[in-house]
Asker: 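Right, I'll just put the structure down here and ask away after.
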Amino acid sequence: MKIATYNVNGIKARLPRLVEWLTETQPDVACLQEIKTSDETFPEAEIRDAGYGAIWHGQKGFNGVAVLAKGADPVERQRRLPGDDEDVLSRYLEAEIDGLIVASIYLPNGNPVPGPKFEYKLTWMERLHVHAAGLLATERQVCLAGDYNVIPTDADVWKPAAMASDALMQPESRAAFRRLAAQGWTDALHSRHPNNPLWTFWDYTMNSFARDAGFRIDHLMLSPAAADRLVDAGVDKDHRGREKASDHAPTWITLR
DNA sequence: ATGACTGGGTTCCCCAGA
């Protein structure tokens with residue numbers, strides 16, 4: 001089983017590229033982020049024509065997450081992260097597919113630091129910590145996949161100094177990510193590529209992709225039952241280099 | 001200290017992204 005996460009940066013603008021990627025790489029599950037569309041305007045028919053059932057949690061203009069399943073309809077378990085009824089941003093969608101629990105996560109960016117957006121990021125991570133503990137307690141196969149907006153270590157960025165003041169690599173952001181992992185989650189990409197991290201994002205500006213000036217912020221976190229079945233992990237880097245690409249690359253794992 | 005790029009909406013400029 002192949003599970004992927006892909007921050008598409010606008011599903012309407014990305015639709016030809018998204019369908020092309022689904023057709024070429026055939027993930028069984030695809031978690032999308034930043035679909036940037038309202039529920040009413042989600043391109044359900046085009047996704048279905050590509051062979052995928054889908055559920056989505058949209059928002060006009062910003063954010064928005066979806067879960068796609070090849071030849072199946074994901075069964076929704078949860079939309080929105082519990083813990084703050086005031087938080088109306090569309091950043092979390094959890095589903096069950098073929099016995100697997102999977103969540104599409106769009107964690108807040110948090111810039112600028114300091115400020116209310118950074119506080120929101122840390123609070124959101126605390127809420128994720130609480131909810132994730134409940135998922136672990138089920139002892140089931142669970143994959144929390146998405147754009148975490150956290151660069152876990154200095155090894156996960158092309159030049160740490162260039163990003164030093166960024167919310168993505170503040171000590172508080174990293175500590176929250178480490179604390180989540182310490183619950184018992186396996187960072188699948190790190191597990192399979194411990195010595196040569198793969199970038200999942202390259203900025204549109206400054207010729208970043210050509211210089212390979214990227215970093216690793218899209219993560220697939222596995223519960224022990226899922227981690228036991230981990231076979232491989234990778235990044236579809238060539239899709240980042242195509243015309244009208246997202247600034248993120250699709251990131252995937254395979255499970256036995 | 002700033003801007004480079006891109007997508008989307010309040011669209012012919014502004015905001016947010018990372």
Side-chain angles (χ1 to χ4, degrees), chain A residues 5-21 31-43 46 56-66 87-92 104-122 124-125 145-174 176-177 189 197-219 235 237 239-251:
Chain A
T5 181
Y6 186 12
N7 179 321
V8 296
N9 187 20
I11 198 169
K12 280 182 273 189
R14 207 68 59 220
L15 198 51
R17 279 282 100 96
L18 173 62
V19 169
E20 177 184 77
W21 170 71
C31 298
L32 309 182
Q33 300 87 36
E34 280 206 271
I35 60 176
K36 292 185 177 181
T37 186
S38 63
D39 283 339
E40 295 74 23
T41 49
F42 185 87
E46 290 87 344
W56 55 92
H57 183 201
Q59 181 183 336
K60 191 176 182 180
F62 307 102
N63 309 313
V65 287
D87 182 6
V88 296
L89 303 185
S90 300
R91 295 182 174 277
Y92 187 90
S104 181
I105 291 175
Y106 179 45
L107 208 144
N109 171 296
N111 280 306
V113 180
K117 291 189 174 183
F118 189 55
E119 293 306 312
Y120 171 60
K121 176 183 193 140
L122 297 180
W124 205 94
M125 293 186 84
D147 176 1
Y148 279 70
N149 271 317
V150 175
I151 298 170
T153 74
D154 279 358
D156 296 304
V157 53
W158 94 100
K159 190 164 76 170
M163 298 286 291
S165 61
D166 197 285
L168 278 57
M169 55 178 277
Q170 291 309 295
E172 297 93 331
S173 308
R174 287 177 166 178
F177 185 79
L189 267 286
L198 304 175
W199 306 155
T200 69
F201 172 91
W202 295 259
D203 200 289
Y204 284 127
T205 69
M206 301 172 287
N207 207 23
S208 296
F209 187 67
R211 296 187 298 120
D212 201 27
F215 39 86
R216 188 173 78 91
I217 53 173
D218 298 274
H219 308 304
V235 175
K237 183 178 176 181
H239 286 258
R240 173 62 181 83
R242 299 186 185 189
E243 287 296 313
K244 295 282 286 178
S246 169
D247 39 8
H248 295 251
T251 305

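No hydrogens, no waters, no symmetry mates; every other heavy atom, side chains included, goes into these values.
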Asker: How many whole angstroms separate atom CE of A/M206 from atom P of B/dC5?
Answerer: 9 Å

Asker: Rounded to the nearest Å, what distance is computed from the CG atom of residue A/N207 to the C1' atom of nucleotide B/dT6?
Answerer: 15 Å

Asker: Compare every heavy atom of A/R240 with every heavy atom of A/Y204, then report the nearest pair and how far apart it is.
Answerer: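 Answer, listing the atom of A/Y204 first, then A/R240: CD2-NH2, 3.9 Å.
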
Asker: Going by atom type alone, with no hydrogens or angles, which donor-acceptor pairs under 3.5 Å involve a side-chain atom of residues 157-167 of chain A and a protein atom two or more places apart or on another chain?
Answerer:
{"unit_1": "A/D166", "atom_1": "OD1", "unit_2": "A/N111", "atom_2": "ND2", "d": "3.0"}
{"unit_1": "A/D166", "atom_1": "OD1", "unit_2": "A/L168", "atom_2": "N", "d": "2.8"}
{"unit_1": "A/D166", "atom_1": "OD2", "unit_2": "A/N111", "atom_2": "ND2", "d": "3.3"}

Asker: Write down the distance between CZ (A/R174) and C1' (B/dA18), rounded to a whole number of angstrom.
Answerer: 14 Å

Asker: Mind calculating the distance between CZ (A/F42) and P (B/dG8) to the nearest angstrom?
Answerer: 13 Å

Asker: Starting at NZ of A/K60 and ending at C1' of B/dT11, how long is that distance when rounded to a whole Å?
Answerer: 12 Å

Asker: Starting at CD of A/E243 and ending at P of B/dC5, how long is that distance when rounded to a whole Å?
Answerer: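 It is 15 Å, rounded to the nearest whole Å.
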
Asker: For B/dG8 versus B/dG3, give the span between their P atoms, rounded off to a whole number of Å.
Answerer: 24 Å

Asker: Relative to the ring of A/W56, is the ring of A/F42 parallel (under 30°), tilted (30 to 60°) or perpendicular (over 60°)?
Answerer: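 A/F42 vs A/W56 ring planes: parallel.
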
Asker: Going by atom types alone, do A/E34 and A/N7 pair a side-chain donor with an acceptor below 3.5 Å?
Answerer: yes

Asker: Mind checking the P distance from B/dG9 to B/dA4? Whole angstroms is fine.
Answerer: 23 Å

Asker: A/D87 versus A/W124: any side-chain heavy-atom pair under 4.5 Å?
Answerer: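 The answer is yes; the side chains approach within 4.5 Å.
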
Asker: With P as the reference atom in both, quote the distance from B/dT6 to B/dT2 in angstrom, rounded to an integer.
Answerer: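 The same atom, P, in both gives a distance of 23 Å.
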
Asker: Pairing donors with acceptors under 3.5 angstrom, does anything connect the side chains of A/D218 and A/T200?
Answerer: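 The answer is yes; a qualifying pair exists.
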
Asker: Which protein N or O atoms sit under 3.5 Å from an N or O of nucleotides 14-17 of chain B?
Answerer:
none

Asker: Quote, to the nearest angstrom, the C1' distance that separates B/dC13 from B/dA1.
Answerer: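 It comes out at 23 Å once rounded to the nearest Å.
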
Asker: Quote, to the nearest angstrom, the P distance that separates B/dT10 from B/dA16.
Answerer: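 Per the computed distance, 13 Å lies between those P atoms.
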
Asker: If I pick the P atom on B/dC14 and the same atom on B/dA18, what distance separates them, to the nearest angstrom?
Answerer: 22 Å

Asker: Check whether the side chains of A/K121 and A/N109 place a donor and an acceptor atom closer than 3.5 Å, and report yes or no.
Answerer: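 No pair is found: no donor N or O on one side chain lies under 3.5 Å from an acceptor on the other.
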
